[in-house]
Amino acid sequence: MKKKIYIAGSGGMLGEAFYTQFKDDYIIKCSDIDVNEPWLSFLDFRDFEAYKKELEEFKPDYLFHLGAYTDLEYCEEHVDDTYATNTMAVENAVYLANAMDIPLLYISTAGIFDGKQDLYDDWDLPNPLGVYARSKYMGERFVCENANRFVICRAGWMMGSGPKKDKKFIQKLMKQLKDGNKELFIVNDKDGTPTYTQDFAKTVKNLIEKEYWGLYNCVCGGETSRLEVAEELVNLLGLKDEIKITSVSSDHFKDVYYAERPPSERLVTKKLNLRGVNEMRDWRIALKEYIEGYYQDYI
């Protein structure tokens, strides 16, 4: 008998990966506020009663709570909306998962650290800087302190699902190249770790199937920076001689990206490695697969 998973907030780049990785082995129901795929139904998970009704009707064996506002500037401008979505809705998920006695998956972020260290393992103490980071960290805390059984995975710089849903760094660069830009301005003072959504979903699958509950850093291998990722991307596309990469400080973009960001969001997947369940490959390998799989004939 296949087990059932309810995946809430799965209309984005991560939801696409979870749908791909879980649809064959589980009975899944995917919902989102933005119904942008034939396999999605509508749910605003901020509405507790609607969320409860959905779960009671579907009777899942697991609840995956994926969605969140991840645009840092939006979060700074819309504080109440951010906490309602990124924190209070997570509390809804905890209450519902506990009431049904099922495990809960919550997605946290490398952005909850202040960047004063070069690297953060699973046991380092977060110190969130802005509204986005605080809202996500309070969601993480609530799950840790109140959920009966849970998996929390902290993601880094997300990449996945291609031009349609990727709103992050890789797609922003690809869009500039598609638009004919011959020079990319890349910040030289932000370190972190890319996180390929497909590898991330595979790792979560390992964790729930082995019932290794708890909190995990879940990012690709290899320490890197925005600048290095951009250079690797241009190399992969064979555009090294055509595209100029100009290194700038974050101040260069302060009018557009004014929310405070930590100088380092580099995570180490220590617990996944110790448990022997890490499917996160080196970021260069993952980036190559991502570009080849989702960006054929894009530029």
Side-chain angles (χ1 to χ4, degrees), residues 68 70-73 75-76 82 86-87 90 106-145 150-159 168-170 186-197 199-200 203-204 207 212 214-232 247-254 257-287:
T70 61
D71 180 319
L72 273 67
E73 280 64 39
C75 293
E76 290 295 324
T82 299
N86 291 5
T87 315
V90 180
Y106 170 65
I107 311 302
S108 191
T109 170
I112 59 179
F113 294 102
D114 59 15
K116 289 183 177 164
Q117 294 173 210
D118 283 344
L119 290 169
Y120 292 92
D121 69 21
D122 314 67
W123 298 282
D124 280 312
L125 213 55
N127 180 30
L129 298 178
V131 174
Y132 166 71
R134 280 186 66 199
S135 72
K136 291 296 290 179
Y137 180 48
M138 287 303 143
E140 178 183 299
R141 286 272 306 268
F142 196 85
V143 174
C144 281
E145 291 162 15
F150 64 86
V151 170
I152 297 174
C153 286
R154 292 181 183 141
W157 296 338
M158 205 71 90
M159 57 184 189
K168 296 296 178 182
F169 188 59
I170 296 300
I186 311 292
V187 295
N188 56 14
D189 51 9
K190 293 286 180 282
D191 296 333
T193 329
T195 302
Y196 186 36
T197 54
D199 289 6
F200 188 94
T203 302
V204 167
L207 289 168
Y212 287 158
L215 169 67
Y216 296 87
N217 287 348
C218 195
V219 298
C220 285
E223 298 156 24
T224 188
S225 63
R226 291 284 193 210
L227 191 59
E228 197 178 4
V229 172
E231 288 167 350
E232 182 69 15
S247 155
V248 296
S249 78
S250 293
D251 284 351
H252 182 85
F253 293 109
K254 69 176 184 293
Y257 299 117
Y258 49 82
E260 193 174 0
R261 288 163 168 79
S264 176
E265 298 177 56
R266 286 178 175 169
L267 300 186
V268 193
T269 52
K270 200 172 279 295
K271 268 179 81 174
L272 288 176
N273 295 341
L274 291 171
R275 286 268 189 220
V277 289
N278 193 1
E279 297 280 354
M280 307 301 296
R281 294 167 295 174
D282 183 88
W283 69 270
R284 287 182 179 83
I285 294 165
L287 178 63

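Sequential numbering from 1 along the given sequence is applied to the chain's residues. Owing to the predicted nature of the structure, the values given are computational and were not obtained by experimental measurement.
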**OP:** Determine the minimum heavy-atom distance between Val219 and Ala155, stating which atoms define it.
**Re:** CG1-C, 4.0 Å
Original post:
Got a second to check how far Leu129's CG is from Phe113's CZ, nearest 0.5 Å?
Top reply: 11.5 Å
Original post:
Can you find a pair of side-chain heavy atoms, one from Val229 and one from Trp283, that are under 4.5 Å apart?
Top reply: yes
**OP:** Measure from NZ or CZ of Arg226 to the centre of the six-membered ring of Phe169, then state whether that distance is under 6.0 Å and the direction lies within 45° of the axis.
**Re:** yes
Original post:
Taking all atoms of both residues into account, what is the closest heavy-atom pair of Asp118 and Ser264, and its distance?
Top reply: O-OG, 2.7 Å
Subject >> Distance (rounded to the nearest 0.5 Å) between Thr87 OG1 and Arg141 CZ >> reply: 12.0 Å
Subject >> Any side-chain heavy-atom pair of Ile112 and Tyr120 under 4.5 Å >> reply: no
Original post:
Has the side chain of Asp121 got a donor or acceptor atom that lies under 3.5 Å from a matching backbone atom of Asp124?
Top reply: yes
Original post:
For the side chain of Asp191 and the backbone of Arg266, is there at least one donor-acceptor N/O pair under 3.5 Å apart?
Top reply: no
Original post:
With a 4.5 Å heavy-atom cut-off, do Val187 and His252 have their side chains touching?
Top reply: no
Subject >> Separation between CE of Met159 and OG1 of Thr195, rounded to the nearest 0.5 Å >> reply: 7.5 Å
Subject >> Member of Thr224, Leu227, Leu287 meeting the side chain to side chain contact (heavy atoms under 4.5 Å, CB included) criterion with Glu232 >> reply: Leu287
Original post:
Would a 4.5 Å heavy-atom cut-off, applied to side chains only, mark Cys218 and Leu207 as touching?
Top reply: no
**OP:** Please report the shortest heavy-atom distance between Tyr137 and Pro126, naming the atom on each side.
**Re:** CE1-CG, 3.4 Å
Original post:
Roughly how far, to the nearest 0.5 Å, is the CD atom of Glu140 from the CD1 atom of Ile107?
Top reply: 11.5 Å
Subject >> Residues Glu231, Arg284: salt bridge by 4.0 Å N-O rule >> reply: no
Original post:
Does the side chain of Lys271 reach to within under 4.5 Å of the side chain of Asn217, using non-hydrogen atoms?
Top reply: no
**OP:** Start with the C-alpha distance between Val90 and Lys136, add both sets of side-chain angles, then the distance that settles side-chain contact (heavy atoms from CB on, under 4.5 Å), and finish with yes or no.
**Re:** CA-CA 9 Å; Val90 180; Lys136 291 296 290 179; over 6 Å; no
Original post:
Looking at Asn86 and Tyr132, what are the two nearest heavy atoms and their distance?
Top reply: ND2-CD1, 3.9 Å
Original post:
Does a side-chain heavy-atom distance below 4.5 Å link Thr203 with Tyr216?
Top reply: no
Original post:
Once you round to the nearest 0.5 Å, how far does SG of Cys220 lie from CD1 of Ile285?
Top reply: 9.0 Å
Subject >> Main-chain N/O of Leu267 paired to Thr193 side chain as donor or acceptor, under 3.5 Å >> reply: yes
Subject >> Spatial distance of atom CE (Met280) from atom CZ (Phe200) [nearest 0.5 Å] >> reply: 7.0 Å
Subject >> Minimal non-hydrogen separation, Cys144 against Ile152, with atom names >> reply: SG-CD1, 3.5 Å
Original post:
Is there a salt bridge (Lys or Arg N to Asp or Glu O under 4.0 Å) between Glu76 and Arg261 once you walk through the steps?
Top reply: CA-CA 12 Å; Glu76 290 295 324; Arg261 288 163 168 79; over 6 Å; no
Original post:
In this structure, are over 12 heavy atoms from other groups packed under 6.0 Å from Tyr257 atom OH?
Top reply: no
Subject >> Residue pair Glu265 / Trp157: nearest heavy atoms and the distance that separates them >> reply: OE2-NE1, 3.6 Å
Subject >> side-chain hydrogen bond (donor to acceptor under 3.5 Å, both in side chains) partner of Asp189, chosen from Ser249, Ser247, Ser225, Ser250 >> reply: Ser250
